[in-house]
Amino acid sequence: MDQFTGKHILSVKQFDRDSIQTIFSTADMMLPYAKREKRTRVLDGAILGNMFFEASTRTRVSFGSAFNLLGGFVRETTGMATSALSKGESLYDTARVLSSYADVIAMRHPQSGSVSEFSQGSMVPVINGGDGANEHPTQALLDLYTIEKELASNLKTIDNMHIAMVGDLKYGRTVHSLSKLLANYDNITFSLISPKELAMPDEVISIIEDAGHRVIIHDQLEGNLDADILYLTRIQEERFDDPAEANLYRGQFRLNQQIYTQHCKSNTVIMHPLPRDSRSEANELDTDLNLNPNLAIFRQVENGVLIRMALFALTLGVSDQVQQHECAVNWYSNKSISK
Ligand code: NCD
């Protein structure tokens with residue numbers, strides 16, 4: 001058995017540069033299927049339990065689509081209120097039960113550490129789709145995959161890059177996972193821009209500093225926008241004890257085309273895990289950037305499907321059989337025209 005087959009994916013800490021490269025080359029191989037140029041039925045008959053106990057649009061649907069694109073079926077539950085967890089069932093029991101219905105489980109839950117606890121009761125691999133403010137490993141992988149591709153088109157690499165992370169760095173699990181994943185690379189400058197109260201946790205800063213990277217902490221956006229990658233985040237209002245407290249921070253850091261033109265490099269790549277908060281009091285990433293070629297947010301979304309397909313193929317041990325189970329696409333599709 002290799003390092004992926006039958007294994008849970010709970011934290012980015014389980015990956016090194018080699019395993020990241022394996023995931024990325026498997027994701028590259030998924031492109032023709034995601035673009036509907038061809039189909040594969042490699043997971044025909046397999047069942048994904050897609051268990052989302054916290055709000056989600058793209059992560060949940062992209063996990064499901066990725067599994068369907070490999071020919072598998074998806075069983076889903078959404079929300080806590082409609083689950084037996086609201087009747088006092090333990091995560092262990094829920095996992096024991098759900099894993100008897102599925103071959104692999106993707107799970108999101110509002111509590112830090114919950115997905116790991118759940119995995120202990122599961123008889124099948126569990127993939128963490130976000131556990132509270134802790135981690136979001138599949139998002140970090142798709143972000144890193146996107147960063148690698150965007151930088152390559154600017155003739156740069158992850159090694160030696162400058163990334164600015166902006167917004168709610170305390171509760172934002174995507175920046176926690178991405179920072180830890182980046183610790184595997186060399187000589188990165190991290191500009192961490194947040195309100196003082198929403199600073200990156202010390203545990204994450206220690207991981208990147210111990211790996212030899214440079215960390216610069218700011219509480220202002222002005223003067224700190226000339227990074228290679230600008231990664232914005234939403235204020236995570238659902239994580240505050242008093243949700244009204246989020247109003248204090250919302251809208252503090254905003255990017256629009258005018259600010260970009262004035263302060264960013266001509267090829268600074270703009271990223272955001274989405275959803276961007278487009279309410280007027282926040283508007284962290286203005287829609288006037290939509291035509292900016294360096295806005296990578298929708299490419300992140302597309303890459304998310306490739307990464308999740310790769311993780312399913314690797315976890316279920318079929319990554320070398322994908323092409324063997326190929327067939328033609330027989331419906332109209334314009335997805336193959338552009339990427
Ligand atoms: C993020 C999350 O859920 O952590 N969304 C996502 O999965 N793409 C970011 C967020 O909700 O702000």
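Quick note: numbers below take in every heavy atom, side chains included, and nothing from hydrogens, waters or symmetry partners. In this chain, residues are counted from 1 in sequence order. Both counts, for ligands and for their atoms, begin at 1 and track the order of listing.
- In this structure, G304 falls outside the shell of residues with a heavy atom less than 4.0 angstrom from ligand 1.
- Judged purely by distance below 3.5 Å, without hydrogens or angles, the side chains of T146 and R299 never pair a donor atom with an acceptor atom.
- Considering only non-hydrogen protein atoms, atom 3 (O) of ligand 1 sits nearest to R173 NH2, 2.9 Å.
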Could you walk me through whether V166 and E284 satisfy the side chain to side chain contact (heavy atoms under 4.5 Å, CB included) test, starting with their C-alpha distance in whole Å, then the side-chain angles of each, then the deciding distance to 0.1 Å, before giving a yes or no?
CA-CA 10 Å; V166 183; E284 58 218 11; over 6 Å; no

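- If you check which protein heavy atom lies closest to atom 6 (C) of ligand 1, you get L274 O, 3.4 Å.
- Ionic pairing of R173 and E54 is present here: one or more N-O contacts between side-chain nitrogen and carboxylate oxygen are shorter than 4.0 angstrom.
- At least one N or O atom of P273 sits closer than 3.5 Å to an N or O atom of ligand 1.
- At a 4.0 Å cut-off, at least one heavy atom of R108 sits close enough to ligand 1 to count as contact.
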Trace of the salt bridge (Lys or Arg N to Asp or Glu O under 4.0 Å) decision for D228 with K265:
CA-CA 8 Å; D228 300 309; K265 292 202 267 213; 3.0 Å; yes

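- Below 3.5 Å of separation, one finds an N or O of Q139 facing an N or O of ligand 1.
- From the protein, the heavy atom lying nearest to atom 11 (O) of ligand 1 is R234 NH2, 2.9 Å.
- Of the N and O atoms on the side chains of H162 and T189, not one donor lies less than 3.5 Å from an acceptor on the other residue.
- Residues E76 and L48 form no side-chain contact, since every pair of their non-hydrogen atoms from C-beta on lies 4.5 Å or further apart.
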